[in-house]
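Worth knowing before you read on, the calculation uses all heavy atoms, side chains too, and leaves out hydrogens, waters and symmetry mates. Per chain, numbering begins at 1; letters A, B, ... match sequence-line order.
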Number of protein chains: 2
Amino acid sequence: MRIGELAARTGVSVRALRYYEEQDLLASQRSASGQRRYAEGAVDRVQLIQQLYAAGVPSRSIADLLPCVVNGRATPELLERLSAEQARIDSRIEELTSARDRLGSVISNAIANWRTGRSCRPG
Amino acid sequence: MRIGELAARTGVSVRALRYYEEQDLLASQRSASGQRRYAEGAVDRVQLIQQLYAAGVPSRSIADLLPCVVNGRATPELLERLSAEQARIDSRIEELTSARDRLGSVISNAIANWRTGRSCRPG
DNA sequence: CTTGCCTCTGACGTCAACGTCAGGTTTTAG
DNA sequence: CTAAAACCTGACGTTGACGTCAGAGGCAAG
């Protein structure tokens, strides 16, 4: 498929796909005229890239670990990096959870004030 | 306390603290000569700011909700925004969890390959 | 009083992950 | 064949949360 279709099917922009290629995250065949052609697997690949980006994994790390994802092999060193990334994600989840809870108590606190005390209306 | 001490006690840079003030996230008294003076509560406040930043809450939203955190009151509109932020954080946590799991399966897959099949060593 | 560290206000630099525009080629629909 | 739509390669713009540097003042110690 061409880049436009891949963009449509993954929900990421054409520009982003070209950017991924620049960063060696996503390869493409080229047609005789130079247009990018992608196989079906590219859809999955792009979604994985997005997932890792969303997890805050820097693109350099993604570039390093993607081959491993594809062929299922990793050097011990890479395995360590993967575990490290996983740990980073875990602590990030904890941060988020605690932030979420803090927001939650702010909310219920505000609601409680709202019921019992004066409301937020002027006066 | 002065800005250097607050920075040391919160672990954020002096520049960041001045930036927070610029964004109306953190107020300060000024000495006669213009230096910033902070009360004890500033330490907590800065940590809250960090937590929200870490959760991806944009600084404008933080500025809006901080007064509410302080005085425990919120307009219905603000309550809605808080809930929206909470929901955003929740979906972010889900993203991260799924990324984490995906990394996990990559890792265990690699380990399995490592045990059963050929290792990653050349040859 | 001076030395040395802390602080001040601008103001420009940075980095990632793209957005956007320019100027040109290719593919497709009619 | 032609016009529209999609694609190409640069290359500069954007945003957020600061980093960093310049130049000038403030403050406690000796």
Side-chain angles (χ1 to χ4, degrees), chain A residues 1-39 42-43 45-66 85 88-89 92 95-96 99, chain B residues 1-39 42-43 45-66 85 88-89 92 95-96 99:
Chain A
M1 80 192 83
R2 294 193 299 172
I3 197 171
E5 188 182 341
L6 182 57
R9 287 177 58 181
T10 56
V12 316
S13 72
V14 167
R15 177 66 175 91
L17 294 177
R18 290 200 270 251
Y19 174 75
Y20 294 165
E21 185 168 324
E22 242 181 326
Q23 305 297 312
D24 292 318
L25 304 182
L26 179 64
S28 64
Q29 305 292 331
R30 294 302 184 106
S31 75
S33 63
Q35 293 200 352
R36 292 172 178 84
R37 295 301 152 98
Y38 299 94
V43 175
R45 175 106 170 198
V46 169
Q47 281 163 357
L48 173 58
I49 293 173
Q50 287 275 300
Q51 221 169 10
L52 293 176
Y53 266 135
V57 180
S59 67
R60 279 319 318 262
S61 299
I62 297 182
D64 292 347
L65 70 82
L66 272 182
E85 289 293 354
R88 274 183 7 117
I89 295 177
R92 191 99 178 82
E95 278 175 22
L96 287 183
Chain B
M1 78 191 85
R2 293 193 299 173
I3 197 170
E5 187 183 342
L6 181 57
R9 287 176 58 180
T10 57
V12 315
S13 71
V14 167
R15 176 67 175 93
L17 294 178
R18 290 201 268 249
Y19 175 75
Y20 294 164
E21 185 168 323
E22 242 180 332
Q23 305 296 312
D24 292 319
L25 304 182
L26 180 64
S28 64
Q29 304 293 329
R30 295 302 184 105
S31 76
S33 63
Q35 294 199 351
R36 292 173 179 82
R37 295 302 151 97
Y38 299 93
V43 175
R45 176 105 170 199
V46 169
Q47 281 162 357
L48 173 59
I49 294 173
Q50 287 274 300
Q51 220 170 11
L52 293 177
Y53 266 134
V57 180
S59 66
R60 278 322 316 262
S61 298
I62 298 181
D64 292 347
L65 70 82
L66 272 181
E85 289 293 355
R88 274 182 8 119
I89 295 176
R92 192 99 178 80
E95 278 176 21
L96 287 184

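Between the CZ atom of Arg60(A) and the C1' atom of dC15(C) there is a distance of 15 Å, rounded to whole Å. Atom P of nucleotide dA6(D) and atom CG of Leu6(A) are separated by 15 Å, given to the nearest angstrom. Note: CD (Gln23(B)) to P (dT15(D)) measures 14 Å, nearest angstrom. Summarising the geometry, the separation between CZ on Arg15(A) and C1' on dC7(D) is reported as 14 Å, rounded to the nearest angstrom. In this structure, Gln51(A) atom CD and dA17(C) atom P are separated by 16 Å, rounded to whole Å. Rounded to an integer number of Å, the gap from CZ of Arg2(B) to C1' of dT7(C) is 7 Å. Ile3(A) has its CD1 atom 12 Å from the C1' atom of dT9(D), to the nearest Å. Nucleotide dT14(C) holds its P atom 18 Å from the OH atom of Tyr19(B), rounded to whole Å.
Counting only heavy atoms from C-beta on, Tyr20(B) has its side chain closest to dC18(D) among dC18(C), dC18(D), dG26(D). Closest to the Arg36(B) side chain, of the nucleotides dT7(C), dT9(C), dG26(D), is dT9(C). With dA17(D), dG19(D), dC18(C) as the candidates, the nucleotide lying closest to the side chain of Ser13(A) is dC18(C).
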Side chain to side chain contact (heavy atoms under 4.5 Å, CB included) between Leu65(A) and Leu52(A), intermediate numbers included = CA-CA 10 Å; Leu65(A) 70 82; Leu52(A) 293 176; 3.9 Å; yes

Can you list the steps and then say if Arg2(A) with Glu5(A) is a salt bridge (charged side-chain N to carboxylate O under 4.0 Å, His left out)?
-> CA-CA 6 Å; Arg2(A) 294 193 299 172; Glu5(A) 188 182 341; over 6 Å; no

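The local environment of CZ in Arg60(B) is sparse, with at most 12 non-hydrogen atoms from other residues, nucleotides or ligands closer than 6.0 Å.
Arg18(A) has no carboxylate O lying under 4.0 Å from a charged side-chain N of Glu21(A), or vice versa, which leaves the two without a salt bridge.
The nearest heavy atom of DNA chain D to Val14(B) and to Ser31(B) marks one nucleotide each, and the one closer to the 5' end goes with Val14(B). Along DNA chain C, the nucleotide closest to Gln35(A) and the one closest to Glu22(A) are compared, and the more 5′ of them pairs with Glu22(A).
The residue Arg30(B) sits close only to the backbone: its heavy atoms come under 4.0 Å of sugar-phosphate atoms, none of a base. Using a 4.0 Å heavy-atom criterion, one finds that Arg18(B) contacts the bases of the nucleic acid, with or without backbone contacts as well.
Closest approach of Arg88(B) to Gly56(B), counting heavy atoms only: NH2-O, 3.0 Å.
At the phosphate of dA16(C), neither OP1 nor OP2 sits under 4.0 Å from any side-chain N or O atom of Ser59(A).
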